[in-house]
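Have a look at the structure below before the remarks.
Computed from a predicted model, the values in this text were never measured in an experiment. Counting from 1, the numbers follow the sequence of the chain as shown.
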Amino acid sequence: MTLSIHGLPVARGIAIGRAVMVVSSRLDVAHYFIKPEEVESEIDRVRAARDAVTGELHRLQASVAQMGPNDAPHELAALLDVHLMLLQDEALTGGVKHWISERLYNAEWALTTQLENIARQFDEMEDEYLRERKADLEQVVERMLHQMKGTAAVLAPTPPRPKHKHDEALDPLAADAFDAPLVLIAHDLAPADMLQFKKSVFAGFVTDVGGRTSHTAIVARSMDIPAVVGARSVSQLVRQDDWVIIDGDSGVVIIDPSPIILAEYGFKQRQGDLERDRLSRLRHKPAVTLDGQRVDLLANIEMPEDTLGAVKAGAVGVGLFRSEFLFMGREQQQHQTRLPNEEEQYQAYKRAVEGMQGMPVTIRTIDVGADKPLDGKLREDSHLNPALGLRAIRWSLADPSMFLTQLRAILRASAHGEIHLLIPMLAHASEIRQTLSLLDFARAELDNRGVAYGVVKVGAMIEIPAAALTLRTFLKHFDFLSIGTNDLIQYTLAIDRADESVAHLYDPAHPAVLRLVADTIAECRRLGKPVSVCGEMAGDVGFTRLLLGLGLRSFSMHPSQILAVKQEVLRADVSKLEAWAQEVVSSDDPASMLALKA
């Protein structure tokens with residue numbers, strides 16, 4: 001039966017494919033793709049975990065046999081037999097091998113995926129006893145995951161029901177799904193998880209939770225694939241390998257579509273491909289308005305390798321390198337310490353500079369906290385309000401040793417090309433002084449070591465209303481400013497941008513937000529200081545003409561958005577937009593005026 005679920009569109013386009021489920025586990029399970037040559041070693045990891053758990057259960061059986069009847073009821077011995085049988089079931093082991101060898105899932109991901117497949121089949125059984133055995137399977141898999149993680153597991157068996165004979169083997173997933181396009185379905189994904197999927201084969205992705213400008217959505221846009229977040233119960237309604245349509249334009253997810261619906265969306269998909277082909281012709285055309293105003297279209301990137309896509313899209317530099325992604329998800333990689341050292345960071349920043357082929361690269365210092373936890377695990381209860389807690393520059397200043405390591409690495413990389421240093425979430429003059437003092441100290445450390453470094457321009461993010469209202473203080477100390485509209489909107493309107501329950505209140509066109517943006521641009525232009533917008537507003541074609549009219553000449557966005565924004569720039573006459581832009585900012589209802597101009 002066809003189901004339609006509405007969520008929030010975060011990356012445009014149409015995706016049609018088979019569902020790949022990222023299963024939530026009681027353990028934190030890493031999800032990443034392996035190399036073909038690692039298949040056998042991953043299968044060996046599963047086999048070793050299964051053998052270790054088998055040994056544990058045999059030892060438990062031996063200890064149960066030594067107990068008296070009052071200490072160990074016979075049901076426990078029978079339950080251990082069930083667990084041992086499940087461990088050897090080909091439906092589990094064979095299915096796991098399938099996921100590893102065919103889809104190149106890592107061992108933990110393959111194990112939890114196959115667990116979900118079998119668990120669904122248990123749910124559909126009419127026999128109550130057999131349905132209850134799903135909990136036993138979950139416990140067996142959890143013990144295997146504990147073994148892989150190197151931690152002890154606790155056996156907490158489900159009380160058995162009356163025994164029935166059932167020798168039917170559970171069929172593994174049909175093999176015909178493996179050649180189809182794949183779409184990712186999950187309850188939630190941390191940014192580090194998204195980073196693992198960036199180099200994947202996914203045609204689109206959907207999550208139950210999230211907002212339009214959550215960092216998961218931002219990374220999804222950088223993958224340039226259709227995506228929908230905040231789709232509520234999608235991960236419960238979609239089954240592994242279901243056919244799914246993701247409409248990233250309207251935020252609709254269609255499960256098990258009919259042939260007619262498939263044909264309709266297939267046509268829309270082809271139309272979208274034609275539009276992208278048409279825009280690609282603008283790649284090498286300079287971004288100049290009809291009245292001769294040059295506009296710099298820059299790229300936002302997460303990793304050094306993203307520079308390839310930035311150059312290909314026609315970016316004239318990197319306006320935002322989110323350096324925190326170098327720090328995230330490292331517990332998933334073998335033989336790595338929790339934080340990258342100076343040399344590792346230096347090499348990464350150097351690769352980014354070299355990848356941009358002489359064009360400038362703006363590196364933002366580490367911005368973790370809130371919906372970007374360092375270890376990649378989202379914790380809803382870690383703070384009462386993590387968005388207002390120890391994050392971004394506050395986190396860096398609380399750990400000067402870590403911060404100095406990053407500053408030294410960035411300074412060293414500046415010897416290889418033009419680097420601008422960007423500081424996030426500043427609000428206080430004291431924070432500015434501490435930051436600049438540590439930067440001077442980092443330079444002195446490199447001088448003492450005789451290590452070369454270049455001249456670095458230093459800028460500040462304007463993403464807190466307090467910063468936007470004290471611009472003169474910032475402009476005394478910094479060479480340039482960059483407006484982070486995502487957080488500026490969040491903090492101005494008191495809206496958690498990762499919370500889909502208040503997503504309808506997240507409004508980039510709110511008069512207060514537009515006034516802060518307009519005043520920041522105007523003050524920078526008055527004092528001759530460069531200013532850019534690096535938040536999601538920069539890549540939204542609905543705001544391009546307004547920002548041009550307000551005087552913005554530097555936009556930084558995901559590479560996938562550059563050509564669409566360039567098209568708007570080429571069609572714009574700034575001299576005719578300036579008066580209109582001021583009317584929009586002064587209006588009680590800017591959204592309606594923007595809609596009329598679209």
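Within the structure, the side chain to side chain donor-acceptor pair (under 3.5 Å) test picks out no pair touching residues 461-470 (sequence neighbours left out). Applying the side chain to side chain donor-acceptor pair (under 3.5 Å) rule to pairs touching residues 422-434 yields nothing, sequence neighbours excluded. Among residues at least two apart or in separate chains, side chain to side chain donor-acceptor pair (under 3.5 Å) pairs with a member in residues 473-485 are Ser482-Ser532. Sorted by first then second residue, the side chain to side chain donor-acceptor pair (under 3.5 Å) pairs that include residues 438-461, not counting sequence neighbours, are Glu342-Arg449, Arg408-Glu445, Asp440-Arg443, Asp447-Tyr453.
Residue Leu548 holds its CG atom at 4.0 Å from CZ of Phe555, rounded to the nearest 0.5 Å.
Listed by chain and residue number, Arg472, Arg526 satisfy the salt bridge (Lys or Arg N to Asp or Glu O under 4.0 Å) test with Glu523 (two or more places apart in sequence, or in another chain). Remark: Asp44 pairs with Arg47 by the salt bridge (Lys or Arg N to Asp or Glu O under 4.0 Å) rule, at least two apart or across chains. Every residue meeting the side-chain hydrogen bond (donor to acceptor under 3.5 Å, both in side chains) condition with Arg515, not counting sequence neighbours, appears here in chain and number order: Asp519. In terms of the side chain to side chain contact (heavy atoms under 4.5 Å, CB included) criterion, residue partners of Ala512 (sequence neighbours excluded) are, by chain and number, Thr492, His510. For Ser396, the side chain to side chain contact (heavy atoms under 4.5 Å, CB included) partners two or more places apart in sequence, or in a different chain, are Ile366, Ile393, Met402, Phe403. Evaluation of the salt bridge (Lys or Arg N to Asp or Glu O under 4.0 Å) rule for Glu578 yields no partner, not counting sequence neighbours. Remark: Arg553 pairs with no residue by the salt bridge (Lys or Arg N to Asp or Glu O under 4.0 Å) rule, at least two apart or across chains. In this structure Asp296 satisfies the side-chain hydrogen bond (donor to acceptor under 3.5 Å, both in side chains) test together with Arg294, sequence neighbours excluded.
Taking the six-membered ring where the residue is Trp, His420 and Phe480 present tilted rings, their angle falling between 30° and 60°.
In this structure the side chain of Phe543 never reaches within 4.5 angstrom of the side chain of Val533, judged on heavy atoms.
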